[in-house]
> 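Before I ask anything, let me first share the structure, which is written out below as structure tokens.
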Amino acid sequence: MKQERGNWGSNLGFLLAAVGSAVGLGNVWGFPYKMGKSGGFTFLVIYLVLAVFVGFIIMMGELSMGRKTGKGTVGAYHALSKKFRWVGWLAVFSPFVIMSFYTVLGAYCMEYLTLNLGDLAFSGAEVMTGADLFGSMLTNPFGAWIFTVLFILICFFINRNGVSGGIEKFNKIGMPALFVMLVIIIIRSLTLPGAEEGLKFMFKPGYAVSAGFIDEKPGFLTVLATAGGQMFFSLSLAMGAMITYGSYVSKKENLVTNAGIIVIADTLIAILAGLAVIPAAVATYGPSAALSGPKLLFITLQDVFAAMGKIGPLFGVIFYLLVLIAAISSAISLIEVITTYFMDRAEVKGKQGNRSHIVLGVCLAILVEASIVALDGLGANGLWVPLQNQFGIIGEINDCWLDFMDFLSEGLAMPLGALLMSIMVGWEIKPKTLLDELHIGSNARIDTFFSICMKVIVPIGMALILLGQIDGFLHLGIF
Ligand code: PHE
């Protein structure tokens, strides 16, 4: 049965695809900014501890769930547990919701890439400031929508060609290219005068407060919740992505080592992305630089490139291409979660699913929700306003469709999914069920570590992270 579903062409191909899923927008703007704001080095240490005791464990758990059952998310939960079978649905719902805005952010990168390419081709043209550009982009909903369609179209062509023929192929070229481009940007960023300020912002404890970047030092629990939330989003956990990718891994591969490599590579690239982005922004703007969310990528950095003079657009092209590749390689993993669900469903009914038709249907459904987010333009075009009053507190705290979709997925469904998964594995089906699978191809002595983490540390950690996310999104001020 496994053979009919197809497998990765090689273990390296699988690894690059999994790292591609993990390395995304979260690494490029979430990690560096949160690290600086939440205590620099302290944040990094907490992040690393969480990555080992929570991230690595869930990563092994998800990969082995996929390979053991040979099924995508819904099928895997169905096969493993009666009580928790519905959790599989949660992990199809989240990727679908995330795609509503991930595609739009990807589209913005494409738009910036095109603009910088234009500047490069017609040097001498006046380079617009980041704020002007961003403003005019948001209030031109049709342009954003066209790029959203293009972004989804690219993903469609990749996913349509299958796991090894599409996803693996894209990542085999995309990931090394991304790495090279990242190194180029890091060299440029670190050689700008004043770059040390940025390094201090990232790595020196308390520096962000003393140098006036932020007003208040966050409490320990806030840092814990921020690092945790960032960690599982960045590692693509609780979204069915690793279950789905794991279901295509051959039985002879070592899942323990693979999980370790994915966690290390993702963390490393997040730190490298920080070195590429923060020193450049801080060197150009100092404490007044906008370092959070979409502003960092689309206003601050565009200004950094504009300030470089004639050569600026070249770095702009390299940078936005790099971010675009990162966004595509993550987006295709989310599309694959939903696609695999439908492929598996056809197989259960004894039919052979038509991948092209399924991917087309999935992409069209994503286009519908993404259109709302794209046309809303981060709230600039007011599409969220009519609904605001009807959602009570949720309506009050979310300013736009993107915020709302992010809250639903990253704020609620993802941490809840990971929490339930660890309870299921730790207490219902028992860690041994997955350890048996992990020991195929690996004789690492992880049994006690895996069991204790899965039973106790991950549930506590995920419960805290869930609370932290709700607290952060709803501004409740618990932490
Ligand atoms: N890990 C991706 C990022 O860092 C986002 C993502 C989450 C992708 C979940 C797939 C699944 O941006």
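First listed ligand is number 1; within each ligand, the first listed atom is number 1.
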> Is it the case that ligand 1 has an N or O less than 3.5 angstrom from some N or O of F233?
yes
> Taking S164 for the side chain and G9 for the main chain, is one N or O donor matched with an acceptor at less than 3.5 Å?
no
> When the aromatic ring centroids of W89 and Y341 are compared, is their separation below 6.0 Å?
yes
> Examine M239 against ligand 1 and note whether any of their N/O atoms are separated by less than 3.5 Å.
no
> Counting only nitrogen or oxygen atoms and a 3.5 angstrom limit, does S333 reach ligand 1?
no
> Give a yes or no on whether the ring-centroid distance for F319 and F305 is below 6.0 angstrom.
yes
> Backbone N or O of G72 within a donor-acceptor pair of the D344 side chain at under 3.5 Å?
yes
> Between L334 and ligand 1, find which residue part has any heavy-atom pair under 4.0 Å and reply side chain, backbone, both or neither.
side chain
> Between S81 and E428, do the side chains contain a donor N or O and an acceptor N or O under 3.5 Å apart?
yes
> Which of the atoms in ligand 1, numbered in the order shown and given with their element, are less than 4.0 Å from a heavy-atom of S330?
2 (C), 8 (C)
> Looking at R67 and E62, is any side-chain nitrogen of the basic one under 4.0 Å from a carboxylate oxygen of the acidic one?
no
> Can you sort out which atoms of ligand 1 are near S234, meaning under 4.0 Å from one of its heavy atoms?
1 (N), 4 (O)
> Which residue holds the protein heavy atom closest to atom 10 (C) of ligand 1, what is that atom called, and what is the gap in Å?
S236 OG, 3.3 Å
> Between V23 and ligand 1, is there a nitrogen or oxygen pair with a distance under 3.5 Å?
no
> Flag N27 as yes when one of its N or O atoms lies below 3.5 Å from any N or O atom of ligand 1, and as no otherwise.
yes
> If you count the atoms of ligand 1 from 1 in the order shown, which ones are under 4.0 Å from a heavy atom of A22?
1 (N), 2 (C), 3 (C), 4 (O)
> Just by distance, with hydrogens left out, do S21 and S236 show a side-chain donor and acceptor under 3.5 Å apart?
yes
> Atoms of ligand 1 less than 4.0 Å from L25 heavy atoms?
3 (C), 12 (O)
> May I ask you to check whether S250 and W8 show a side-chain donor-acceptor distance below 3.5 Å?
no
> Is it true that F14 and Y245 have ring centroids separated by less than 6.0 Å?
no
> For atom 5 (C) of ligand 1, which of F31, Y102, F232 has the closest heavy atom?
Y102
> Between ligand 1 and L235, is the shortest N or O to N or O distance under 3.5 Å?
no
> Quick one: which ligand 1 atoms are inside 4.0 Å of a heavy atom on S21?
1 (N), 2 (C), 8 (C), 10 (C)
